[in-house]
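Here the structure comes first, spelled out in structure tokens, and everything after it is commentary.
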Amino acid sequence: MLSRVADSLYWMSRNIERAENNARILSVKLIQMLEASDEETYANHDWEVIFEICASIQEFEKFSHSDIYDGEVLINYLAFSEENINSITTCISSARENARITRDHLPNDFWEIWNDFYLYVLESKEEKWSKKDIQNYLQRMKMASLTAQGVIESSMSRGLPYRMIKIGKWLERADKTARILNCVCKNIPTSDAEYQEEYYYYWRTALQLVNGYEAYLKQHPPIMDPKTILSFLIGDENFPRSIKYCMDHVREAIFELEEGKVSHYSWEMYAALDNLMDEFNEVRIKELSLQELSNFLNHFQYRCNEIGQIFSKTYYLVEPVNTSYKVGKTQHPHQQQNMESRSSMKYQIEHTNKFDYETVVDQSMNTIRLKPTTDEVQRLLSYRTEIQPSSLTKEHIDLWGNYVETFFIPEQHTHLEVKTTSIVSIQRSPFIHRIDYSPEMKAIFHSELFRLHYLSFLNDTHYTYVTPEQVEQVVKAVGEMDNPVQFSIDVMEHLHDTFTYNGETTDVNTPARESFDLKNGVCQDITHVMLGILRAKNIPARYVSGYLYVGENSALIGDSATHAWVEVMVPGIGWVGLDPTNNVEALEHHIRVSTGRDYADVSPLQGVYRGGNQTLDVSVKVTLLDQNTVSSTE
């Protein structure tokens, strides 16, 4: 499974769990506000605790020091604000976006449940809600989360995607339980270890916030004994929201993910988990003072965040930019996926090929590769082919995994027009510059198994061959190949700086060694040269044919029809796109159609016919649907 898929599933799970937890916490607070009488002051003074748990104390201070400090404003910020990266609505949106790009790995019922709830939220966010309406919304949020997680448990295969989802869920839940207990402990107005049982209000609230009130009362007398409550929520092995229960299940999921093995790349993760569990065994909750307990929970939150970072590093997940914030004077670890770095685009592509023949064509057989692919970062939403004279197409998938359509026109004709219309949704995040080329990646890269598996993309072709002298020129300019990731980036930059984009000096049949000497060409030529250089250094690389969206004020350049770029195979990561024509990583502006060894494998339209010479007119129009702006290359 690609690390980008694992990353999306992991964060989808964390955001769903976070949204459910925050909805429950806010629901408890609303009920307390409704039940509180004028004499009860506790419920009116613990907004600070709620913000510490769901957002940050700094954000609370912005409201408490302003003229807009009231319950309604605070509720809206925690529930609906798009400025709050941990608001319930933001978590719902983030989870839905991650689910959208990993739909192939999720049950259809799960997507329908979460997408329906997301659409309900979109339709309702402009409404003016009362506290009762908000309470209904929070209840619906909790039910949507529980139902979606029930679908995962009841109908999802227990493979890698499932394990990633479960690890995200248990890490998020453990962190939230520790955060709740830490915030409650710090805000109890007591001086020392007695925990002062008269503050039962706080301990009952802690149980309610963790959703453990019912379970606690079934196991213990209805007395709010602080030490018993803390022992239950921290160390109970059977309660599914206790810290120990959650971390035990994280350890178990990772054990199953690794099939019970401790590898050279996973030992650090196992060690961190085992050390944390050893600390649990050594700590006797009922013997700790309130301050000692707060220190323990604070330390646990730091370790939980550390385990999350080690997990991300082990499986090459995209680590968020902001991984912590402060609560009071204490640094509290916190993870939130940086969704702003993931641009989502929806395009409509109209590609028209018009052939005019000098003489009547008796019959023709044609092959087209114009149907975009669907994968973890790109989804084909619709596709239509129109052919004049009318003909039916027959579709198959070629050796390289591309969609290929063939059609035959038996009658005489002097004109042939092939028009395809595609709608594609793309979501990619900047990735290659974050890759840490680890020792295990290096071991895989130099293994014989890796070389044999990608042999097709290591051997040169007529189009991609460059001479040893030409390769040496590039190596002198960029340095020897120690790190294939960095070397690929450096070669891309070098070719971009030394080549002049010029469509007059080469044609569709120009090989790489000729365009290298010319230092001129179009995207096809620069891509072939880069492929030849990378393959000469035993880096698997493939040719990509697709479309490039060039919007207003864009510095990107590309061919008038299809665009071409390179994809490099990075061990443990997968294929990563690099566009030497523009010196950029292939992101949300690059729409992939076909991949192969070179242009010959991905030619958009090929055919044979009986007749005279032909002229070809090609036009491509790429429309960004969301903004209703058009990049036209006609």
Going by an N to O cut-off under 4.0 Å, is there a salt bridge joining [X] and [Y]?
X	Y	value
Arg158	Glu256	no
Asp104	Arg379	yes
Glu417	Lys419	no
Asp617	Lys354	no
Asp601	Arg369	no

Backbone N/O of [Y] and side chain of [X]: donor-acceptor pair under 3.5 Å:
X	Y	answer
Asn98	Arg96	no
His415	Gln388	no
Thr102	Ser8	no
Asp579	Asn583	no
Ser94	Cys91	no
Thr467	Gln470	yes
Ser594	Val602	no

Q. Cation-pi between Arg100 and Trp111: NZ/CZ under 6.0 Å from ring centre and within 45° of the ring axis?
A.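 Not flagged: Arg100 not positioned over aromatic ring of Trp111.
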What I want to check is whether the side chains of [X] and [Y] have a donor and an acceptor closer together than 3.5 Å.
X	Y	result
Asn520	Glu504	no
Asn502	Thr500	no
Asp525	Thr506	yes
Glu405	Thr385	yes
His396	Asp398	no
Thr461	Thr464	yes

Q.
Classify the ring geometry of Tyr357 against His413: parallel below 30°, tilted from 30° to 60°, perpendicular beyond 60°.
A.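 Perpendicular: the ring planes of Tyr357 and His413 meet at over 60°.
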Q: Assign the ring pair Tyr549 / Tyr347 to parallel, tilted or perpendicular, where the plane angle (0 to 90°) is split at 30° and 60°.
A: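 Correct class here is tilted.
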Side-chain contact test, heavy atoms from C-beta onward, threshold under 4.5 Å: evaluate it for [X] versus [Y] and give yes or no.
X	Y	answer
Leu531	Tyr463	no
His590	His563	yes
Ile349	Val620	yes
Ile387	Thr393	yes
Leu548	His589	yes

Q | His528 ring center within less than 6.0 Å of Tyr543 ring center | A |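 Yes - the distance between ring centres of Tyr543 and His528 falls below the 6.0 Å cut-off.
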Q: Check Tyr10, Tyr270, Trp11 against Phe311 for a ring-ring contact (aromatic ring centres under 6.0 Å, His included) and give me the one that passes.
A: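 Answer after filtering Tyr10, Tyr270, Trp11: Tyr10.
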Q. So, for Val568 and Ile539, which heavy atoms are closest and what is the spacing to 0.1 Å?
A.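 Of all heavy-atom pairs spanning Val568 and Ile539, the closest is CG1-CG2, 3.6 Å.
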Scan the side chains in residues 449-457 for donor-acceptor partners under 3.5 Å anywhere in the protein, sequence neighbours excluded, and list what turns up.
residue, atom, partner, partner atom, Å
Arg451, NE, Glu448, OE1, 3.4
Arg451, NE, Glu448, OE2, 3.4
Arg451, NH2, Glu448, OE2, 2.7

